[in-house]
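Excluded from the calculations below are hydrogen atoms, water molecules and symmetry mates; all remaining heavy atoms, backbone and side chain alike, are included. Remember, predicted model here, so these are calculated numbers, not experimental data. When a ligand or atom number is given, it counts from 1 through the structure's own listing order.
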Amino acid sequence: MTIFPTVTSIAPQVLLANHLKALKLPTFSREYEKVAMESAQDRADYPRYLLRLCELERIDRDRRNVERRIRLARFPQTKSLDTFDFAAQPSLNKALVLELARCEWIEKRHNYIALGPSGTGKTHGALALGLAACQKGYSVAFTTAAALVHELMEARDERRLRALQKHFNTVKLLIVDELGYVPFTAVGSELLFEVFSQRYERGATLVTSNLPFDEWTSVFGSERLTGALLDRLTHHVHILEMNGESFRLATSKKAQRWPSQDLNASPKTPTEGGANAKL
Ligand code: ADP
Ligand code: MG
């Protein structure tokens with residue numbers, strides 16, 4: 001294979017573009033002429049010129065990597081801690097959440113469990129911590145417990161369970177949202193147990209649930225399996241209890257001026273975005 005064509009008539013810009021493409025340096029390729037002009041104006045020497053290009057390439061590459069990790073994480077929405085109103089959730093340990101956003105627990109392969117009723121910001125918090133992890137360079141997979149079990153069962157039927165398990169084992173942070181809304185079959189429970197068990201002390205796992213631990217047996221069906229799972233999951237764990245009022249309910253109360261403030265306001269059924277909306 002000829003890497004350097006002998007045809008001298010090819011413009012150096014064309015050859016350069018070709019080499020930079022092969023070397024995967026798109027920012028170099030896009031910026032080198034502009035940076036050359038700026039460097040000439042500033043009387044910057046060649047090392048400085050190259051340094052500027054390298055810096056631009058690295059900044060751009062970091063940004064592309066973060067975007068790729070976010071895409072691969074399959075977040076259903078983008079949420080960050082910037083939009084999380086801590087005042088609305090006074091029972092939540094703000095200092096702990098901010099510490100978790102620094103992601104050291106992911107490096108230590110610890111777990112994090114958010115417990116609380118519907119609408120209290122568990123998913124928002126999980127998405128925000130997932131985003132922070134992507135920004136800090138960790139691979140993330142976001143799923144709900146029901147979707148994960150469904151995916152595992154499907155993979156098992158199609159004889160590709162190993163590959164899927166490997167994916168969930170190797171990701172640095174696995175987020176399993178909404179454990180507790182849907183009970184699993186015995187096979188589903190075992191498959192989910194295997195995921196948690198294989199990740200034990202190998203990767204960080206974040207679980208959100210509307211159920212306190214003593215009710216998890218109702219989801220997994222088996223007391224023995226639930227005990228073994230909680231044993232692993234809660235060995236190195238940060239637990240966040242979100243016991244405040246539903247944020248959805250509170251905001252819709254404000255927006256609709258709840259009947260207690262305005263007796264003429266039209267009543268709102270509990271299913272219109274209130275605490276039960278997701279059930
Ligand atoms: P949960 O997962 O506990 O049911 P969500 O995280 O889905 O609750 O929150 C429901 C909605 O309310 C989302 O749109 C979320 O962004 C918002 N929300 C919840 N808590 C807060 C909060 N403390 N600050 C800002 N938005 C919040
Ligand atoms: Mg949720």
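- Comparing heavy-atom distances from atom 3 (O) of ligand 1 across Q89, M242, K122 singles out K122 as nearest.
- Test R69, R64, R63 against E67 for salt bridge (Lys or Arg N to Asp or Glu O under 4.0 Å) and you get one pass: R63.
- Between A88 and ligand 1, a contact under 3.5 Å exists for no N or O pair.
- Taking both residues in full, the closest heavy atoms of L127 and P76 are given as CD2-CD, 3.7 Å, listed atom of the first, atom of the second, then distance.
- Those atoms of ligand 1 that come under 4.0 Å of a heavy atom in S118, given as number and element, are 4 (O).
- For ligand 1 and T83, the ligand atoms under 4.0 Å from any heavy atom of the residue are 24 (N), 25 (C).
- Using modelled atom types, one finds no donor on one side chain facing an acceptor on the other under 3.5 Å when comparing E104 with H110.
- Remark: D60 engages R30 in a salt bridge, criterion side-chain N to carboxylate O under 4.0 Å.
- Not one N/O/S atom of T208, from backbone or side chain, sits under 2.8 Å from the Mg ion (ligand 2).
- Contacts with ligand 1 closer than 4.0 Å are made by side-chain heavy atoms of K79 only, the backbone lying farther away.
- Geometrically, ligand 1 and Y181 share no nitrogen or oxygen pair separated by less than 3.5 Å.
- Using cut-offs of 30° and 60° on the angle between ring planes, the pair H124 and F84 is perpendicular.
- Applying the 4.0 Å criterion to heavy atoms of D85 picks out, from ligand 1, the atoms 22 (C), 23 (N), 24 (N), 25 (C).
- Polar contact check, G121 against ligand 1: a nitrogen or oxygen pair lies under 3.5 Å apart.
- Legend: residues meeting side chain to side chain donor-acceptor pair (under 3.5 Å) with Q77, ordered by chain and number and at least two apart, are absent.
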### Task
With side-chain hydrogen bond (donor to acceptor under 3.5 Å, both in side chains) as the test, would you mind laying out the steps for S118 and N210 before giving the verdict?
CA-CA 6 Å; S118 181; N210 59 317; over 6 Å; no
